[in-house]
Amino acid sequence: QEQLMESGGGLVHAGGSLRLSCAAPESTLNYYAIGWFRQAPGKEREGVACISVYDQSTYYLDSVKGRFAISRDSAKDTVWLQMNSLKAEDTAVYYCATALRDVCPNDRQLTSQFGSWGQGTQITVSS
């Protein structure tokens, strides 16, 4: 079981920005694609973004394209999720997770395609 830890959540006004971090062992980041998911109360968990290992291909949920950016920082053993122009509908608990291999899965909404999960961090966007 890989160890992942999210941080950076909080309360922000609509239109504001936050940057989430997902800390993981270097060995994890070197072998597994990393995804960010979110889950709002009463809703299914949905995949927000994913980044592969070698070519660092990135993928985004349509509703966050142009506003969110996922990136890797090998020096800090961290995957970042920069979130700009936040909206009330972005309010959720955000989780990072390891994919089952080095590339993001074809269906990035399938939580079964992701193995280890962090404990989550709450994002609340006030309108």
Side-chain angles (χ1 to χ4, degrees):
Q1 191 84 6
E2 313 301 329
Q3 298 297 318
L4 303 174
M5 181 170 293
E6 305 92 340
S7 62
L11 174 65
V12 64
H13 292 298
S17 298
L18 282 174
R19 187 173 71 164
L20 303 183
S21 64
C22 174
E26 180 181 6
S27 57
T28 296
L29 296 184
N30 285 345
Y31 288 104
Y32 300 104
I34 301 294
W36 280 99
F37 285 75
R38 66 186 180 188
Q39 188 164 20
K43 294 189 176 181
E44 297 288 322
R45 191 169 295 192
E46 64 179 354
V48 173
C50 188
I51 186 167
S52 297
V53 175
Y54 298 112
D55 64 5
Q56 300 199 25
S57 299
T58 57
Y59 303 90
Y60 298 95
L61 184 68
D62 284 347
S63 61
V64 307
K65 284 180 180 177
R67 299 190 298 121
F68 289 12
I70 187 172
S71 61
R72 289 176 172 265
D73 186 339
S74 299
K76 297 184 177 181
D77 296 337
T78 297
V79 172
W80 304 102
L81 184 67
Q82 177 67 44
M83 304 186 297
N84 300 325
S85 302
L86 284 162
K87 304 175 181 179
E89 51 263 44
D90 295 319
T91 294
V93 178
Y94 283 70
Y95 302 88
C96 62
T98 57
L100 299 181
R101 50 174 301 192
D102 59 321
V103 295
C104 294
N106 290 331
D107 188 340
R108 293 168 289 279
Q109 294 301 318
L110 283 177
T111 55
S112 60
Q113 296 297 308
F114 292 82
S116 298
W117 295 77
Q119 82 289 349
T121 186
Q122 175 71 48
I123 303 297
T124 302
V125 183
S126 62
S127 56

Salt bridge (Lys or Arg N to Asp or Glu O under 4.0 Å) with [X]: which residues, sequence neighbours excluded?
X     : result
Arg45 : none
Asp62 : Lys65
Glu26 : none

Sub-3.5 Å donor-acceptor pair from the side chain of [X] to the main-chain atoms of [Y], do we have one?
X      : Y      : value
Ser52  : Val103 : no
Gln113 : Pro105 : no
Ser27  : Pro25  : no

Side-chain heavy atoms of Tyr54 within contact of Asp102, under 4.5 Å |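 Result yes, sub-4.5 Å side-chain heavy-atom pair found.
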Heavy-atom check, side chain of Trp117 versus side chain of Thr111, under 4.5 Å =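 Answer yes - side chains close enough.
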Any idea which heavy atoms bring [X] and [Y] closest together, and the distance?
X     : Y     : answer
Asp90 : Ser85 : OD2-O, 4.4 Å
Ala33 : Val53 : N-CG2, 3.7 Å
Tyr32 : Arg72 : O-NH2, 2.9 Å
Lys76 : Thr78 : O-OG1, 2.7 Å

Tell me which donor-acceptor pairs under 3.5 Å the side chains of residues 11-22 have, and how far apart each pair is, sequence neighbours excluded?
unit_1	atom_1	unit_2	atom_2	d
His13	ND1	Ser126	OG	3.0
Ser17	OG	Asn84	OD1	2.9
Ser21	OG	Ser7	OG	2.6

Please walk me through it: do Gln119 and Val93 pass side chain to side chain contact (heavy atoms under 4.5 Å, CB included)?
-> CA-CA 9 Å; Gln119 82 289 349; Val93 178; over 6 Å; no
SG (Cys96) and CG (Leu4) are apart, to the nearest 0.5 Å, by 4.5 Å
Inter-residue atom distance Asn30.CG - Ser74.OG, 0.5 Å rounding | 6.5 Å
Can you sort out the partners of Thr124 under side chain to side chain donor-acceptor pair (under 3.5 Å), two or more places apart, ordered by chain and number?
-> Gln122
Evaluate the criterion side chain to side chain contact (heavy atoms under 4.5 Å, CB included) for residue pair Ile70 and Gln82; output intermediate values, then yes/no.
-> CA-CA 6 Å; Ile70 187 172; Gln82 177 67 44; over 6 Å; no
After noting the C-alpha distance and the side-chain angles of Glu46 and Arg38, does the key distance pass the side chain to side chain contact (heavy atoms under 4.5 Å, CB included) rule?
-> CA-CA 6 Å; Glu46 64 179 354; Arg38 66 186 180 188; 2.7 Å; yes
In this structure, would [X] and [Y] fall into the same cluster of hydrophobic residues linked by side-chain contacts under 4.5 Å?
X      : Y     : value
Leu29  : Tyr59 : no
Ile123 : Phe37 : no
Ile34  : Leu61 : yes
Phe114 : Val48 : no

Take Val79 and Asp73 through the side chain to side chain contact (heavy atoms under 4.5 Å, CB included) test and state the conclusion after the steps.
-> CA-CA 6 Å; Val79 172; Asp73 186 339; over 6 Å; no
All pairs passing ring pair (Phe, Tyr, Trp, His ring centres under 6.0 Å) where residues 62-99 contributes a residue, at least two apart |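 Passing the test, one end in residues 62-99: no pairs.
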Evaluate whether atom CG of Asp107 has more than 12 neighbouring non-hydrogen atoms of other residues, nucleotides or ligands under 6.0 angstrom away.
-> yes
